[in-house]
Amino acid sequence: MDVKLFIEDLKGRFPNEPEYLQAVEEVVNSIADVYSQYPAFERVNLLERLCIPDRIYTFRVSWVDDSGRVRNNMGYRVQHNNAIGPYKGGIRFHSSVNLSILKFLAFEQTFKNSLTTLAMGGAKGGSDFSPKGKSDMEIMRFCQAFVNELYRHIGPETDVPAGDIGVGGREVGYMFGWYKKMTREFTGTFTGKGLDFGGSLIRPEATGYGNVYFLQNMLATRGIDLKGKRVAISGSGNVALYTAQKLLSLGAQIISFSDSDGSIVAPEGITQEQFEEIFDLKTLYRGRISEFAEKHPDVCTYYPRERPWKHVGKVDIAMPSATQNEVDGDDARALLAAGCFAVSEGANMPSTPEAIAEFQKARILYAPGKAANAGGVSVSGLEMAQNAQMLRWTAEEVDNRLRQIMADIHTQCVEHGTEADGYINYVRGANTAGFLKVARAMMAQGVV
Ligand code: NDP
């Protein structure tokens with residue numbers, strides 16, 4: 001297969017979708033060798049069918065703000081591939097949302113879900129609606145209007161949405177409520193639900209905890225312990241906060257957080273008490289990370305409009321947990337110069353291709369989001385399993401399963417990504433393992 005020609009063709013067909021093309025290019029480059037070993041794949045044009053989503057719903061979402069004004073946003077659902085299970089993937093509410101971003105996320109989700117060992121296809125949805133500064137009632141009206149368009153296309157065995165940036169327990173609750181009203185069914189169609197109506201214990205924590213479990217597996221390949229390590233985190237949302245919580249419990253030091261306005265860097269690390277203050281600030285009060293810096297100028301420095309990477313000083317590990325393309329080539333070089341020897345991605349595609357090349361050239365441990373952050377969707381899969389059985393598992397049981405799934409994902413990466421010199425190329429490993437399962441299922445099901 002001619003990878004260059006394949007990518008050029010996709011670029012010609014989808015010229016205004018840079019994030020989607022970036023994600024496809026990374027995967028196709030790393031699976032090209034394996035793909036070529038199976039001529040039967042090429043005979044049914046499998047790769048093209050796997051890269052282009054099965055279908056996309058696009059709709060206008062009209063809602064009324066608190067002043068009585070009618071506002072319009074765009075809504076989308078990208079159903080990428082359901083070869084191995086019902087479509088599954090989060091919903092993102094952020095002003096930056098567009099079709100390119102959702103197509104890249106749905107594409108990535110397909111490989112990630114395949115890696116989890118559970119039966120879930122890939123999807124993603126969202127809107128350019130920004131929840132920032134909106135009242136609770138405005139959020140509710142928006143969620144209802146969004147689901148009013150979406151509810152026909154989703155279902156417990158069709159497509160199961162969840163949260164992502166800007167969509168947490170509150171938004172999932174409102175969307176689930178309206179879905180229930182429109183369908184007159186109580187089913188596990190959304191995951192990330194509240195504990196009182198079908199949610200799973202450990203789901204809020206799952207992405208962050210899972211990323212730390214994956215990191216521990218990576219560190220174990222080099223006999224390194226997390227205790228005392230200096231970890232730079234970006235973001236201060238769901239993924240960042242639970243990553244930090246688990247790291248602190250394991251004796252690591254947290255030296256940074258960020259949000260879309262700027263970053264804080266605490267050279268001596270953040271104490272448990274200070275972390276709890278940040279947790280409350282972000283979750284209970286929906287505040288800005290700068291507010292913590294204003295209150296604690298002795299603990300940290302605030303860098304407005306800056307990402308943390310160039311400011312963290314000596315650092316062992318980086319866990320980008322905010323958004324795509326938030327670590328560029330310069331950031332990667334700065335991290336490496338500061339001593340970083342492991343990067344485990346909480347966000348989806350946070351590192352640019354140039355940054356990934358730098359990490360791999362330096363032979364550091366580098367785990368792409370589709371492997372390292374798969375804990376979130378894994379526990380969503382466990383939530384679906386519990387809903388189907390009308391049961392609730394204990395926190396311990398879910399956490400143990402999460403640990404096992406992350407260990408299994410790591411094993412798949414090692415199996416498919418170990419190079420001749422022993423270096424584990426987690427990108428190649430994750431993409432190949434994720435791809436092969438979906439490809440085999442697609443072959444078995446014919447051209448559909
Ligand atoms: P949240 O909305 O809870 O938090 C997102 C954080 O990232 C916030 O601190 C936000 O700052 C910051 N952020 C968002 N957009 C930007 C931007 N353009 N530039 C700088 N900072 C930004 O989302 P999550 O924590 O759930 O998601 C974070 C990442 O993890 C995303 O890439 C998501 O796709 C990925 N992920 C999430 C999973 C989950 O279970 N939630 C599962 C797997 C992956 P601000 O508050 O200023 O917007």
Side-chain angles (χ1 to χ4, degrees), residues 19 23 88-98 101-102 104-106 108-109 111-113 115-116 122 124-126 128 130-134 161-172 191-192 199-200 202-211 214 233-245 256-264 278-279 281-283 285-292 303-309 319-328 331 344-351 368-381 383 402 406:
E19 292 87 359
K88 176 91 194 88
I91 302 261
R92 177 176 291 192
F93 291 163
H94 194 269
S95 54
S96 64
V97 163
N98 58 39
I101 289 176
L102 295 178
F104 117 64
L105 288 164
E108 290 280 293
Q109 194 81 45
F111 293 82
K112 181 190 309 192
N113 292 3
L115 284 172
T116 66
K124 202 84 186 188
D128 56 3
S130 172
K132 233 175 271 175
K134 304 288 190 305
D164 190 73
I165 292 179
V167 177
R170 173 180 63 167
E171 291 75 15
V172 168
T191 58
S200 174
I202 307 290
R203 176 60 189 91
E205 295 88 343
T207 309
Y209 281 20
N211 192 10
F214 193 90
I233 295 178
S234 62
S236 49
N238 170 278
V239 178
L241 292 174
Y242 286 108
T243 299
Q245 187 182 75
S256 67
F257 281 113
S258 68
D259 59 25
S260 43
D261 295 331
S263 304
I264 58 167
I278 292 174
F279 190 93
L281 170 73
K282 298 303 289 192
T283 55
Y285 308 113
R286 298 180 190 273
R288 312 304 301 157
I289 203 71
S290 57
E291 293 171 43
F292 179 81
Y303 296 92
R305 291 175 301 283
E306 299 244 4
R307 305 190 284 234
W309 318 119
M319 302 183 83
S321 306
T323 192
Q324 64 275 356
N325 292 329
E326 56 162 325
V327 185
D328 63 18
D331 295 323
S344 202
E345 295 182 341
N348 284 308
M349 206 169 75
S351 305
K370 68 169 75 67
N373 72 32
V377 74
S378 299
V379 174
S380 276
E383 183 173 328
L402 172 62
M406 298 317 293

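The figures that follow rest on heavy atoms only: side chains count, while hydrogens, waters and symmetry mates do not. Atoms within each ligand, like the ligands themselves, are counted from 1 in listed order.
Of the N or O atoms in S236, one or more lie within a sub-3.5 Å distance of an N or O in ligand 1. Close N/O approach between K282 and ligand 1 is not found [any backbone or side-chain N/O within under 3.5 Å]. Annotation: V239 places an N or O atom under 3.5 Å from an N or O atom of ligand 1; distance criterion only. Taking only nitrogen or oxygen atoms, main chain and side chain alike, G166 reaches within less than 3.5 Å of ligand 1. In terms of polar-atom proximity, S260 is counted as a contact of ligand 1, with an N or O under 3.5 Å from an N or O of the ligand. On a distance-only criterion, N373 and ligand 1 share no N/O pair closer than 3.5 Å. For R288, a nitrogen or oxygen atom sits less than 3.5 Å from a nitrogen or oxygen atom of ligand 1, counting backbone and side chain alike. For ligand 1, the polar-atom distance check against K112 finds no nitrogen or oxygen pair separated by under 3.5 Å.
At least one heavy atom of R203 lies less than 4.0 angstrom from ligand 1. Under the 4.0 angstrom criterion for non-hydrogen atoms, S321 is in contact with ligand 1. Within the 4.0 Å heavy-atom cutoff, G346 counts among the residues contacting ligand 1. Distances shorter than 4.0 angstrom do not occur between any heavy atom of A162 and any atom of ligand 1. Ligand 1 lies less than 4.0 angstrom from a heavy atom belonging to R92.
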Working for salt bridge (Lys or Arg N to Asp or Glu O under 4.0 Å), residues E326 and R307:
CA-CA 7 Å; E326 56 162 325; R307 305 190 284 234; over 6 Å; no
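Residue contacts with ligand 1, taken as heavy atom pairs separated by less than 4.0 Å, do not involve Q324 at all.
By the 4.5 Å heavy-atom criterion applied to side chains, D328 and W309 are not counted as neighbours.
Residue H94 holds the heavy atom nearest to atom 15 (N) of ligand 1 of all those in H94, E326, R305.
Summary of contacts: the protein heavy atom closest to atom 42 (C) of ligand 1 is T207 OG1, 3.3 Å.
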